[in-house]
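A quick write-up on the structure given underneath.
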Amino acid sequence: MSATRVLVLNSGSSSVKYQLLDMADSSRLAVGLVERIGEETSRLKHTPLAGDGAERERTGPIADHEAALKAVAAELAADGLGLDSPELAAIGHRVVHGGKHFTEPTVVDDAVLAEIERLIPVAPLHNPANLTGIRTAQALRPDLPQVAVFDTAFHTTMPEAAARYAIDVATADEHRVRRYGFHGTSHAYVSRTTAELLGKAPEDVNVIVLHLGNGASASAVRGGRCVDTSMGLTPLEGLVMGTRSGDLDPAVIFHLARVGGLSIDEIDTLLNKKSGLIGLCGDNDMREIRRRIDEGDEQARLAFDIYIHRLKKYIGAYYAVLGRVDAIAFTAGVGENAAPVRAAAVAGLEELGLAVDGELNSVRSEEPRLISPEYARVKVAVVPTDEELEIAAQTYALVGRHG
């Protein structure tokens with residue numbers, strides 16, 4: 001395929017993140033962000049990664065996603081990287097929810113758009129914005145393949161025993177209630193990169209991936225295929241997160257409604273935006289929480305301990321699911337940068353073959369690396385995630401297969 005460039009778009013409700021990559025060598029040509037779309041204070045930040053690489057910023061009203069993508073196209077064109085370039089092979093779109101139907105990256109057509117729209121009830125915040133991004137890109141380049149890469153796709157290999165909730169089957173099927181999982185592009189990239197770090201093929205490696213950012217999820221990956229993951233119908237289930245509660249007795253919701261008088265919308269806001277670390281101690285930045293702990297703040301200490309306790313439970317659970325674990329991989333903002341979190345998560349698990357080397361753990365690097373001592377039976381890795389590269393690679397591979 002002579003055209004080797006892929007534009008990756010991640011469209012949010014009021015933002016568009018983008019990267020232009022050349023898949024001939026997986027290099028980045030430009031990165032940027034449009035935020036506060038629809039406001040008077042909209043802002044576009046664009047960084048070309050060739051030449052001087054100087055960031056450019058413009059502020060002022062950007063009315064909608066169409067205007068945002070036109071502004072992005074203008075910035076790229078100013079660097080000689082315009083959307084009309086014959087070197088542009090495709091546009092890859094991050095789509096949060098693909099349900100059971102989409103198990104791999106998919107070239108967008110009317111039927112695909114209709115299915116993504118049908119899934120809006122299970123992803124009301126994300127899928128509408130993803131659809132807007134796709135339709136806007138289609139209008140700008142109707143001749144170019146648009147590829148949807150789904151956050152949920154990597155997790156569609158989960159067996160039914162892991163994917164189903166123990167509720168009435170007919171009710172669950174009617175309303176599409178099951179565990180879908182999220183952060184799939186990150187889990188796919190990190191599990192594969194971890195296998196490469198060990199010098200093995202993905203199909204020969206069992207990995208527990210811990211994607212720890214403001215949103216956080218764990219996955220059990222056997223031989224390159226996900227067999228369990230912590231997020232469920234929505235990204236609320238699982239680990240303690242920046243503002244999300246993670247696992248919760250469902251009866252808490254009934255209690256808050258009946259006894260506390262909270263509405264469903266108020267409970268939704270509480271569990272998604274006012275819980276997790278910010279609900280426990282008022283901060284969702286792990287750096288700030290660690291600073292407060294160092295100063296003797298007991299509330300911050302408790303929040304950290306609850307966070308680690310949940311993390312250890314999932315490590316143990318996924319160890320049992322996999323039976324044999326070759327590596328545990330930490331990734332995303334907290335996983336890549338918070339050495340105390342990595343050390344605490346593994347502490348006391350020596351009988352499971354897990355250990356962290358203090359000196360290796362303290363090293364800051366943007367490269368994948370092992371932080372476990374030589375003698376450790378299970379390797380502990382830090383693997384910086386690269387969801388944009390994963391989306392670009394999947395998009396390029398699909399377009400190449402389809403000519």
Side-chain angles (χ1 to χ4, degrees), residues 1-23 29-35 37-38 42 44 46 62-79 81-99 101-120 123-153 185 387-388 390-403:
M1 188 162 60
S2 58
T4 58
R5 294 176 183 172
V6 174
L7 177 64
V8 175
L9 295 178
N10 182 353
S11 300
S13 57
S14 62
S15 67
V16 176
K17 297 178 184 177
Y18 63 93
Q19 291 194 14
L20 181 65
L21 299 95
D22 190 333
M23 299 315 296
L29 302 176
V31 302
L33 167 68
V34 187
E35 55 188 346
I37 295 171
S42 305
L44 188 158
H46 174 85
I62 296 176
D64 51 29
H65 282 72
E66 181 179 0
L69 282 185
K70 285 181 177 178
V72 170
E75 293 294 338
L76 290 169
D79 301 318
L81 304 169
L83 296 191
D84 58 351
S85 168
E87 296 182 67
L88 188 60
I91 298 178
H93 299 265
R94 179 196 181 215
V95 179
V96 166
H97 217 306
H101 185 74
F102 296 110
T103 61
E104 57 187 16
T106 304
V107 175
V108 173
D109 57 19
D110 289 344
V112 171
L113 287 172
E115 183 64 17
I116 295 172
E117 190 163 15
R118 195 177 74 87
L119 288 163
I120 285 175
L125 297 179
H126 298 95
N127 274 30
N130 302 153
L131 278 168
T132 299
I134 294 171
R135 286 172 172 146
T136 303
Q138 283 180 319
L140 289 175
R141 281 297 307 268
D143 59 314
L144 201 65
Q146 310 284 332
V147 176
V149 179
F150 299 91
D151 271 12
T152 50
T185 51
E387 294 173 272
E388 289 77 16
E390 183 69 17
I391 291 170
Q394 291 190 26
T395 297
Y396 187 67
L398 177 62
V399 172
R401 289 199 301 273
H402 287 263

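Residue numbers start at 1 and run along the sequence shown.
- Between the Thr103 side chain and the His101 main chain, no donor and acceptor come within less than 3.5 Å of each other.
- When all heavy atoms of Glu115 and Phe102 are compared, the closest pair comes out as CG-CE1, 3.3 Å.
- Proximity of Val72 to His46: side-chain heavy atoms (C-beta onward) are nowhere separated by under 4.5 Å.
- The existence of a salt bridge linking Arg135 and Glu117 is confirmed by a sub-4.0 Å separation between a basic side-chain nitrogen and an acidic carboxylate oxygen.
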Original post:
Between His65 and Val16, does a side chain to side chain contact (heavy atoms under 4.5 Å, CB included) hold up when you go through it step by step?
Top reply: CA-CA 8 Å; His65 282 72; Val16 176; 3.7 Å; yes
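- Residue Asp109 qualifies as enclosed at atom CG: its count of foreign heavy atoms under 6.0 Å is above 12.
- Atom CD of residue Glu87 and atom CZ of residue Arg5 lie 3.5 Å apart, to the nearest 0.5 angstrom.
- Looking at Asp151 and Arg94, their side chains come closer than 4.5 Å, going by heavy atoms from C-beta outward.
- Remark: the backbone N or O of Lys17 is not paired with any side-chain donor or acceptor of Asn10 at under 3.5 angstrom.
- Note that CD1 of Ile120 and NE2 of His126 are 13.0 Å apart. Values are rounded to the nearest 0.5 Å.
- Taking 4.5 Å as the limit, some side-chain heavy atom of Leu7 sits within range of a side-chain heavy atom of Leu76.
- Listed here is the closest heavy atom pair of Ala137 and Leu69: N-CD1, 3.8 Å.
- Leu88 is listed as a side-chain neighbour of Leu20, based on a closest heavy-atom distance under 4.5 Å.
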**OP:** For Val31 and Glu388, run side chain to side chain contact (heavy atoms under 4.5 Å, CB included): C-alpha distance rounded to whole Å, both residues' side-chain angles, the deciding distance at 0.1 Å, then the answer.
**Re:** CA-CA 10 Å; Val31 302; Glu388 289 77 16; over 6 Å; no
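- If you take CG on Asp64 and OG on Ser42, they are separated by 10.0 Å, rounding to the nearest 0.5 Å.
- Among Val108, Ile116, Val95, the one residue that satisfies the side-chain contact (heavy atoms from CB on, under 4.5 Å) test with Leu131 is Ile116.
- Looking only at side-chain heavy atoms (C-beta outward), Val112 and Ile134 stay at 4.5 Å or farther from each other.
- Nearest heavy atom pair, residue Ser11 against residue Gly133, reads OG-CA, 3.4 Å.
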Original post:
What's the verdict on side chain to side chain contact (heavy atoms under 4.5 Å, CB included) for Thr395 and Val8, showing C-alpha distance, side-chain angles and the deciding distance?
Top reply: CA-CA 9 Å; Thr395 297; Val8 175; 5.9 Å; no
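- In this structure, OG1 on Thr136 lies 9.5 Å from CG on Leu9, to the nearest 0.5 angstrom.
- In this structure, Tyr18 OH and Leu44 CG are separated by 4.5 Å, a value rounded to the nearest 0.5 Å.
- The shortest non-hydrogen separation linking Gly98 to Thr152 is N-OG1, 2.9 Å.
- Nearest heavy atoms, Val399 versus Pro145: CG2-CB, 4.1 Å.
- Within the 3.5 Å criterion, the main-chain N or O of His93 finds no donor-acceptor partner in the side chain of Asn130.
- Of the possible donor and acceptor atoms, none in the side chain of Ser85 sits under 3.5 Å from a partner among the backbone N and O of Leu81.
- Looking at heavy atoms from C-beta onward, Tyr396 lies in side-chain contact with Thr4 at the 4.5 angstrom threshold.
- Contact record, Gln146 with Gln138: CG-CG, 3.6 Å, taken as the closest heavy-atom pair.
- One finds the CG atom of Asp22 at 5.5 Å from the CG atom of Leu29 (value rounded to the nearest 0.5 Å).
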